[in-house]
Amino acid sequence: MVRERVGDWRLAWRFALAGLVAGLLVAALSTRGVMNAPFFAAQDQLFPAPAPDQSVTFIAIDSTSQKNIGSYPFSNADHARVINYLASLHPKVILFDVVLDRLTADDKEDPKHPLDTNKPLAAAIKAAGNVVLVCTADDSPDGTFSSVAAAVGERGLAAPDDANAVRGVVLRPDPSATCTENEADEPAFLEALRISEGIDAGLEVNADGNEATFGPHRIPLVNGQMLINFTRGGGPSCSYFDAVNASCPRPQLITGHIVVVGTKLIDAGDVYSQAVSFQHDKSFCPDSRPRCMLDNQNYGYRIMGDAMTTILQDRYVSVQPASSILLAIVVLSLLVAVVVYALTFRVAMLFIGALLIAYYAGAFLLGKAGFLADPLYAPIAIVLSAAFSLGARYVLEDRERRKVERIFGHYVDPRIVRQLAATHSVGEIISKGERRDLTLLFVDIRGFTAMSEAMAAEDVLLVIQHYLDEMSSLILKWDGTIDKYVGDEVVALWNAPVAQPNHPLLALRCAYDLIAKAPDLLAELVNHGLPPVSWGIGLNTGPAVVGNMGSKDRLQYTALGDTVNTAARFCSVAPAFNLLIGWPTFEACSDYIAVDEMPGLQLKGKSAEKFRVLKVTAIRERPDSEWVQIPTEAALEAYDGYKQRHQHQAAFAAAQPTET
């Protein structure tokens, strides 16, 4: 099958080369990083997004708190009341994700006795003993608070990827990139986990920089950072305002839990774009701006909670290595190239579609398991390799002249198609029209329009199908080109697209067979319960324009000119099972046919001009052979006999009682 289509297996290297070139182009594209933004945006969709860990509880400085307490930032006295309340419920650790970098003014509600707002906060932090404060390289907590905190850690997250989304956090920040109070040079959430899990050993990163050890946890690193297994929001929470008033609705969600206090105010600036999108509930935005955030944005304190969840559940995220991506690109490109070569076009396209679906399904399932595969370059390689391989296939098929067969195979005898493919290019045949001598044959059923009006639609189609099958096979037998079907009319031509020096005689012999085979066709129709039909034939020889004609969207190889129109007129006036020809046809075949002139015959559309219209009465094989009569009489007798038989059948069928 392959050799018949594009050559032999020795040509397979061309397809392999096309696939390899496509793969190398995509590989170069991946290493240059010019498509990093869509790559990371697509890969972000593969994050598994597990359910939030119920052991992490959030205390949100939200719009409700701002509405009831006053403008943010709040007084340190309020922070002190929150920490005292939380500490009274005995959480494992309190991660206070607000930089306490300032001392607030005294509370002067009683002007005669102003109250210090900072000492109570320092006392609350010290008394709790498990409060972790946050800092950045540019913003550190005041010494009043950092000196009594259990630990101070880095607040910042890793730099966004090329899709402008935060993916992870650096577990070992550069000392110059954090505050001096961060003695362990660790992120704040890691300090909080250290306290909550009682981990004393320091964080260790292996020599390759691809894994960190944190107590019992083995954390994979990607480019020096831990990828956060983001959740889609949710998790136990309490409003800061309720904590100030010591009235969280479910205090049991604080006892023995990790508590993260942070700002849930859009104007506080602690908002990041993250890899996972989710629908925000109404607490994420103030009532005045219900759509204040994009679906892929989240507050920093909640991202810290997701980072802790990642380690607590040991549900880490890793990515496909660059070397593996390059290998997959090359292998898939070669595979697609071989498939395009070995299979038919339709099957190959179905395989490629199935391969893309299977690839994305596999990537989705791997993502659910925490492995982020390449979502972009390998699929591009599959499509590009298919395109390149199809290009190579097209070139080879063109070289094998398959396009000629595809154009003419439906209406030209296969022998003529092979001759065309062997001697002509497609451009030579269809690029422009040409004027040449042709012989046109028209054959048309007599009275079929009126007959069909009384027949069932299914019977009309069956009659036409039997009739066209027989006429077409005889035309192709005599090397004719079927120009078109117009209802029950068949138009055929000779001497195009290939030269046929004896084209008038070929058409005449074909016309003889069209009449001689009438009894066989009539018998077939009646045997199928269909009415017999009769037909007339018109044939003319002369110059005509032949070539591909039509609109830009639909072309047809056909002929135009007076020769064509005259042949159609001959057919329209030909009696049943008679063959009418013009004088040019007779002159070309006078040694082979005998004719009777039909005087006074007026052709439609020719004004008053009289043509010499001839009825062919006999034909012979060679100029010295015996004459063979055109079997018009035999065809008419068969027609009359089968017509009576069909009428009897119809009458008998009508007389039969119908079943009830």
Side-chain angles (χ1 to χ4, degrees), residues 50 53 55-56 91-97 99 129-141 146-161 166-231 257-262 272 274-275 300-319 321 370-372:
D53 194 313
S55 66
V56 178
K92 287 184 176 181
V93 66
I94 301 171
L95 173 56
F96 206 84
D97 187 27
V99 181
N130 61 351
V131 177
V132 176
L133 302 182
V134 297
C135 73
T136 66
D138 302 317
D139 199 5
S140 301
S146 62
S147 61
V148 293
V152 177
E154 174 61 35
R155 185 192 196 197
L157 303 171
D161 59 24
V166 170
R167 283 188 155 204
V169 60
V170 178
L171 299 185
R172 180 71 76 188
D174 189 301
S176 62
T178 186
C179 63
T180 56
E181 290 81 0
N182 184 2
E183 297 177 356
D185 293 329
E186 292 177 352
F189 80 89
L190 207 61
E191 294 283 7
L193 285 176
R194 186 184 297 282
I195 295 172
S196 68
E197 294 200 320
I199 298 174
D200 296 324
L203 178 72
E204 297 181 1
V205 179
N206 65 5
D208 295 331
N210 57 13
E211 185 180 86
T213 301
F214 179 65
H217 306 286
R218 301 292 181 268
I219 306 171
L221 302 179
V222 178
N223 298 324
Q225 60 178 293
M226 180 193 78
L227 298 185
I228 299 173
N229 202 345
F230 297 97
T231 66
H257 284 219
I258 297 171
V259 177
V260 182
V261 181
Y272 300 85
Q274 63 178 33
Y301 79 102
R302 299 189 69 91
I303 294 177
M304 280 199 177
D306 286 345
M308 286 191 283
T309 295
T310 301
I311 296 177
L312 286 172
Q313 297 181 351
D314 285 319
R315 294 189 60 173
Y316 304 107
V317 178
S318 58
V319 299
F371 182 83
L372 306 183

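Side chains included, hydrogens not; waters and symmetry mates left out as well; all remaining heavy atoms used.
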Given S176 and D174, is the side chain to side chain donor-acceptor pair (under 3.5 Å) satisfied, shown in steps?
CA-CA 5 Å; S176 62; D174 189 301; 2.7 Å; yes
Could you please spell out the steps behind the side-chain contact (heavy atoms from CB on, under 4.5 Å) verdict for L227 and V319?
CA-CA 9 Å; L227 298 185; V319 299; 3.7 Å; yes
Would F96 and V134 count as a side-chain contact (heavy atoms from CB on, under 4.5 Å) if you check the C-alpha gap in whole Å, the side-chain angles of each, and the deciding distance to 0.1 Å?
CA-CA 7 Å; F96 206 84; V134 297; over 6 Å; no
Would you check, one step at a time, whether the test side-chain contact (heavy atoms from CB on, under 4.5 Å) holds for V152 with V132?
CA-CA 6 Å; V152 177; V132 176; over 6 Å; no
side-chain contact (heavy atoms from CB on, under 4.5 Å) evaluation trace for V259 with V93:
CA-CA 6 Å; V259 177; V93 66; over 6 Å; no
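Scanning for side-chain hydrogen bond (donor to acceptor under 3.5 Å, both in side chains) contacts around D200 gives an empty result, with sequence neighbours left out. For D161, the side-chain contact (heavy atoms from CB on, under 4.5 Å) partners two or more places apart in sequence, or in a different chain, are F40, D44, A163, A165, R167. Residues satisfying the side-chain contact (heavy atoms from CB on, under 4.5 Å) test with E183, not counting sequence neighbours, are none. Residues forming a side-chain hydrogen bond (donor to acceptor under 3.5 Å, both in side chains) with D139 (at least two apart in sequence, or on another chain): none. Applying the side-chain hydrogen bond (donor to acceptor under 3.5 Å, both in side chains) criterion to E154, with sequence neighbours excluded, gives T178. The side-chain contact (heavy atoms from CB on, under 4.5 Å) search around D208 returns N206, N210, not counting sequence neighbours.
A distance-only check finds no donor-acceptor pair linking the side chain of R172 to the backbone of V205 [under 3.5 Å]. Proximity of a side-chain donor or acceptor of N130 to a complementary backbone N or O of K92 within less than 3.5 Å is detected. With hydrogens and angles disregarded, a donor-acceptor distance shorter than 3.5 Å links the side chain of R218 to the backbone of G215. A side-chain donor-acceptor contact under 3.5 Å links R194 to the backbone of A201. Within the 3.5 Å criterion, the main-chain N or O of F371 finds no donor-acceptor partner in the side chain of S318. Not a single donor-acceptor pair under 3.5 Å links the side chain of D185 to the backbone N or O of P173.
Annotation: side chain of V131 is in contact with side chain of L133 (closest heavy-atom distance under 4.5 Å). With contacts defined as side-chain heavy-atom distances shorter than 4.5 Å, the pair I199/P216 qualifies. Proximity of L312 to I258: side-chain heavy atoms (C-beta onward) are separated by under 4.5 Å at one or more points. Side-chain contact check for P91 versus H257: every heavy-atom pair is 4.5 Å or farther apart. In this structure, the side chains of V260 and M308 come closer than 4.5 Å at one or more pairs of heavy atoms.
Note that CD of E211 is 13.0 Å distant from NE2 of H217, once rounded to the nearest 0.5 Å. Atoms CG and CG, on L190 and L95 in that order, are 11.0 Å from each other to the nearest 0.5 Å. Summarising the geometry, atom CG belonging to L221 is positioned 5.5 Å from atom CG belonging to L171; distances are rounded to the nearest 0.5 Å. F189 contributes atom CZ, which lies 11.5 Å from atom CD1 of I303 (distance to the nearest 0.5 angstrom). In this structure, CD in E181 is found 6.5 Å from SG in C135, a value given to the nearest 0.5 Å. We find the CE-CG distance between M304 and L157 to be 6.0 Å, quoted to the nearest 0.5 Å.
Residues P50 and N229 share a closest heavy-atom pair of CD-OD1, 3.0 Å. Taking both residues in full, the closest heavy atoms of P187 and V169 are given as CB-CG2, 4.3 Å, listed atom of the first, atom of the second, then distance. Scanning both residues, L203 and A212, for their nearest heavy atoms gives CD1-CB, 4.0 Å. Contact detail for E191 and N182: the closest heavy-atom pair is OE2-OD1, 4.1 Å.
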